[in-house]
Amino acid sequence: MRSQEVLNVKNLSSEREPENPEICTVALSLFTGEHQLLRSSALTRTEILKRMKMVFLRRLFGVMILSSFEVSSSPLSRSSIVGGEDAGEGIWPWQVFLKMKNTDGRNGSCGGSLISDVWVLTAAHCLDSLFYPTSSVVYLGAYQLDKAGSHQVNRTIADVVIHSKYTIPTKGYDIALVKLDRPVPLSRFIQTVPLAEPSDLFTSRSDCWVTGWGRVQQNSRLPFPRTLQKVKIPIHDPESCKNVYPNMKTSMICCGGQYKSTCKGDSGGALVCKKGNRWVQAGIVSYGKGCETPIPPKIFTRVSSYRSWIKIHSQ
């Protein structure tokens, strides 16, 4: 049945063209004793085996990144809004909510941003588990998750593109694209967000915000009706963050912390900053070290470092 098909994942990068497609069927058993079939018309057998190895290693070593369906004692955690407040409806119209039905029976959720009428930008770690696309839902124009509004439009997932160099968030390349099953009509409540340019410079004095439906504290979920949250956070000088993240790369942004930050559930969401009289997306929520206050700064994927990759793969 189509509803039980596992998503065909295209793992591509701008540095190379995809290899000739080879249809592969791989029997996959991940700690459950049950076999799932992974079918792909876009990956070679070598690439599928590489991806299986990645999934195995993440589960084996318990790499903790910012997903709302994982809770771990590891110091690294995926992200939601801490110290924020209710956002106004329609004020952040590019905000997307991804709800994935994973093959292991658990539900995963992440944020994202609409960059065209059919493409959503999010974090790669949000999509590194096997999931059923026709049972997964993308919410656009959503405001309160427990009370679907008249402006909300839902779509399923047609395809995803994960950067081929991604392994774990701390090594960078934590970026992915989600293709909607069909275009979404743009309106006051559903709009695309422009992407920051490599020449854009954002500092601690910039007007930068993050939005999402994640946790409001380390062990506190966003209460009913789960209204979209917003928080203004400062961008830090990279050198000042290397005490916390010594392996931080130039393709990352360090920001937030203390009593205003992201927490579990905000992964993949947009960090937007004011450029003149408009908002541009500067970052993607990636990873951090928990949400207990005072909160250490968090790491975001620097969008301007991947503009070429985004352009190539969102055609």
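These figures come from a predicted structure and were not determined experimentally. Here, residue 1 is the first one in the sequence, and each next residue gets the next number.
- The two residues Lys249 and Gly172 make their nearest non-hydrogen contact at CE-N, 4.3 Å.
- Put simply, the side chain of His125 reaches to within 4.5 Å of the side chain of Ser267, judged on heavy atoms.
- Using a 4.5 Å cut-off on side-chain heavy atoms (C-beta onward), Leu228 and Lys230 make no contact.
- Contacts of Lys311 classified as side chain to side chain contact (heavy atoms under 4.5 Å, CB included), with partners at least two apart in sequence or in another chain: Gln315.
- Summarising the geometry of Ala176 relative to Leu127, their closest heavy-atom pair is CB-CD1, 3.7 Å, with the distance given to 0.1 Å.
- Geometric assessment of Lys289 against the ring of Tyr245 yields a positive cation-pi assignment under the 6.0 Å and 45° thresholds.
- When each of Thr192, Ile157, Leu180 is tested with Val120 by the rule side chain to side chain contact (heavy atoms under 4.5 Å, CB included), just one qualifies, namely Leu180.
- Counting only residues at least two apart or in different chains, side chain to side chain donor-acceptor pair (under 3.5 Å) contacts with residues 92-101 comprise Gln95-Thr211.
- In this model, a donor atom of one side chain and an acceptor atom of the other lie less than 3.5 Å apart for Asp174 and Ser286.
- Side-chain contact between Leu121 and Leu195 is present, with heavy atoms from C-beta onward closer than 4.5 Å.
- Both Ile91 and Val193 belong to a single network of hydrophobic side chains, linked directly or stepwise wherever heavy atoms of I, L, V, M, F, W or Y lie under 4.5 Å apart.
- Taking the ring-ring contact (aromatic ring centres under 6.0 Å, His included) definition, one finds that Tyr139 meets it with Phe97, sequence neighbours left out.
- In this structure, CD1 on Ile299 lies 9.5 Å from NE2 on His236, to the nearest 0.5 angstrom.
- In the hydrophobic clustering of ILVMFWY residues, with side-chain heavy atoms under 4.5 Å counting as a link, Leu145 and Phe189 come out apart.
- The side chain to side chain contact (heavy atoms under 4.5 Å, CB included) check on Pro93 picks up Gln191, with sequence neighbours excluded.
- Across all their heavy atoms, Trp309 and Ile162 have their closest contact at CZ2-C, 4.0 Å.
- When the side chain to side chain donor-acceptor pair (under 3.5 Å) test is applied to Thr122, no partner is found at least two apart in sequence or on another chain.
- The structure places SG of Cys126 at 5.5 Å from CE of Met100, a figure rounded to the nearest 0.5 Å.
- Put simply, OG1 on Thr262 and NZ on Lys298 are 3.5 Å apart, with the number rounded to the nearest 0.5 Å.
- Listed by chain and number, the residues in a side chain to side chain donor-acceptor pair (under 3.5 Å) with Asp117 amount to none (sequence neighbours excluded).
- Expressed to the nearest 0.5 Å, how far OH of Tyr306 lies from NE2 of His163 amounts to 6.0 Å.
- Counting heavy atoms from C-beta outward, Trp209 and Lys274 have side chains that stay 4.5 Å or more apart.
- Residue pairs meeting the disulfide bond (SG atoms under 2.5 Å apart) criterion with at least one partner in residues 131-216, sequence neighbours excluded, are Cys208-Cys273.
- Residues forming a side chain to side chain donor-acceptor pair (under 3.5 Å) with Asp146 (at least two apart in sequence, or on another chain): Arg226.
- The nearest pair of heavy atoms linking Cys255 to Ile233 is SG-CD1, 3.7 Å.
- Across Ser206 and Leu201, no two heavy atoms sit closer than the pair OG-O, 4.4 Å.
- Panel note: side chain Arg302, backbone Thr250; a donor-acceptor pair is recorded below 3.5 Å.
- Side-chain atoms of Leu271 and Val210, non-hydrogen and from C-beta on, do get closer than 4.5 Å to each other.
- Applying the side chain to side chain donor-acceptor pair (under 3.5 Å) criterion to Gln152, with sequence neighbours excluded, gives Asn154.
- Between the side chains of Ser187 and His151, not a single donor N or O lies within less than 3.5 Å of an accepting N or O.
- Residues Met252 and Tyr287 meet the side-chain proximity criterion, which asks for heavy atoms closer than 4.5 Å.
- Ser204 meets the side chain to side chain contact (heavy atoms under 4.5 Å, CB included) test with no other residue; sequence neighbours excluded.
- Applying the ring-ring contact (aromatic ring centres under 6.0 Å, His included) criterion to Tyr143, with sequence neighbours excluded, gives no partner residue.
- Inter-residue side-chain proximity for Cys254 and Met248 is flagged as met; some heavy-atom pair is nearer than 4.5 Å.
- The line from CG of Asn107 to CG of Asp104 is 9.5 Å long, rounded to the nearest 0.5 Å.
- Proximity of Asp86 to Gln229: side-chain heavy atoms (C-beta onward) are separated by under 4.5 Å at one or more points.
- Residues satisfying the side chain to side chain contact (heavy atoms under 4.5 Å, CB included) criterion with Asp237, sequence neighbours excluded, are Glu239, Ser240.
- Here the CG-OH distance, from Asn102 to Tyr132, works out to 9.5 Å after rounding to the nearest 0.5 Å.
- Remark: the Ser304 side chain and the Glu197 side chain contain no N/O donor-acceptor pair separated by less than 3.5 Å.
- Counting only distance, with no hydrogens or angles, the side chain of Asp159 and the backbone of Lys179 share no donor-acceptor pair below 3.5 Å.
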